[in-house]
Amino acid sequence: MRKQIKEIPSILFLMISFGVAIRVMTEGKKEVPLHWNARGEIDSWGDTWTIVLLVIALALYGLLTLLQRRPQWCNYPCKITDKAGAYKLMSGMIGHIKNLVMLLFLYIMLAVAQIIELNTFVLLLVALAIPFIIVVISKKFERFS
C-alpha cells in the first residue's frame with residue numbers, strides 16, 4: 001500500500017501534463033513556444049503538434065518505474081553485500097528522481113501552454129535536485145558494502 005501512495009505524485013504530474021497538452025491542442029492555437037533564452041523569454045515557436053513529444057515523459061515514466069521495480073539492474077557505487085537494503089534504497093532513490101522528472105515535464109508543459117511564465121531559476125533548481133539526490137543517496141550505499 002505504501003508503495004502505491006509514493007507513486008501518486010508522479011502519476012498526478014503526468015496526468016496533469018497530458019491534460020494540459022490536450023487543452024493546448026483543442027484550443028486552436030497554431031503555434032506554441034518551443035524554446036526560451038536564459039532570461040525566460042520565448043525565442044522560438046513551433047507547431048502545436050510538437051506537444052506530442054510528451055510521449056517522452058511517458059517513456060521515461062515507464063523506464064524509471066521498471067528500474068524502480070528491478071533495482072538489481074542498476075549500477076551501484078560500491079560492492080554490495082546487503083542486497084535487500086541496497087535494493088530498497090535504490091528503489092526509493094529512483095522514486096524520488098521519477099517524481100522530479102515528472103514535475104519537470106509538468107513545469108515545461110505549463111510554460112508551453114503559456115499557463116505560467118517559465119522561470120529559469122525554478123527550472124534549474126528542479127533539474128539540479130536530481131543529481132543532488134543521486135550524490136546524497138549514493139553516499140548511503142557504503143553501509144551496504
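Throughout, numbering of the chain's residues begins at 1 and tracks the sequence. These figures come from a predicted structure and were not determined experimentally.
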Quick check on the hydrophobic clustering: are Leu104 and Ile56 connected, directly or via other members, by side-chain heavy-atom contacts under 4.5 Å?
yes
Measuring from atom CG of Leu118 to atom CD1 of Ile42, what distance do you get when rounded to the nearest 0.5 angstrom?
8.5 Å
Test item: Phe144 and Leu89 side chains (from C-beta on) under 4.5 Å apart, heavy atoms
yes
Let me confirm one number: the OG-CD1 distance from Ser138 to Ile133, rounded to the nearest 0.5 Å.
11.0 Å
Cluster link Leu66 to Tyr76, ILVMFWY, side chain under 4.5 Å
yes
Distance col, row Leu128:CG vs Leu124:CG, nearest 0.5 angstrom, shows 4.5 Å
Would you sort out whether Met90 and Gln72 count as a side-chain contact (heavy atoms from CB on, under 4.5 Å), showing the intermediate values?
CA-CA 9 Å; Met90 180 62 81; Gln72 64 272 20; over 6 Å; no
What heavy-atom pair brings Ala111 and Pro33 nearest, and what distance separates the two atoms?
O-CG, 3.9 Å
Considering all heavy atoms of both residues, which atom of Leu106 and which atom of Ser17 are nearest to each other, and what is their separation?
CA-OG, 3.2 Å
Please check: side-chain N/O of Tyr107 versus main-chain N/O of Ile116, any donor-acceptor pairing under 3.5 Å?
no
What pair of heavy atoms forms the shortest contact from Lys98 to Leu64, and how long is it?
CA-CD1, 3.8 Å
Working to the nearest 0.5 angstrom, can you tell me the gap between Leu63 CG and Leu67 CG?
7.0 Å
Residues in ring pair (Phe, Tyr, Trp, His ring centres under 6.0 Å) with Phe105, at least two apart?
none
Output for pair (Ile108 CD1, Leu103 CG), nearest 0.5 Å, gives 10.0 Å
Closest heavy-atom pair, Ala57 versus Met102, reported as atoms and distance to 0.1 Å, is O-CE, 3.4 Å
Can Ile94 be reached from Ile130 by stepping across I, L, V, M, F, W or Y side chains whose heavy atoms are under 4.5 Å apart?
yes
Check step by step if side-chain contact (heavy atoms from CB on, under 4.5 Å) holds for Phe141 and Asp82.
CA-CA 10 Å; Phe141 282 109; Asp82 177 13; over 6 Å; no
In terms of hydrophobic clusters joined by side-chain contacts under 4.5 Å, are Val136 and Ile134 together?
no
Report yes if some heavy atom in the side chain of Val24 is under 4.5 Å from a heavy atom in the side chain of Val32; otherwise report no.
yes
Would you check, one step at a time, whether the test side-chain contact (heavy atoms from CB on, under 4.5 Å) holds for Ile97 with Met93?
CA-CA 6 Å; Ile97 291 169; Met93 180 176 78; 4.0 Å; yes
Check whether more than 12 heavy atoms from other residues, nucleotides or ligands sit under 6.0 Å from atom CD of Glu31, and answer yes or no.
yes
In chain order, what residues pass the side chain to side chain donor-acceptor pair (under 3.5 Å) check against Thr120, with sequence neighbours excluded?
none
Locate the shortest heavy-atom distance separating Arg143 from Lys140; write the atom from each residue and the value.
CG-O, 3.0 Å
Using 0.5 Å steps for rounding, measure from the NZ atom of Lys139 to the SG atom of Cys78.
11.0 Å
Treat each ILVMFWY residue as a node, draw an edge where side-chain heavy atoms are under 4.5 Å apart, and state whether Ile22 and Val55 are in one component.
no
Which atoms form the tightest heavy-atom contact between Thr65 and Glu7, and what is the distance?
OG1-OE2, 3.8 Å
Do Val101 and Tyr61 come within less than 4.5 Å of each other through their side chains, counting heavy atoms only?
no
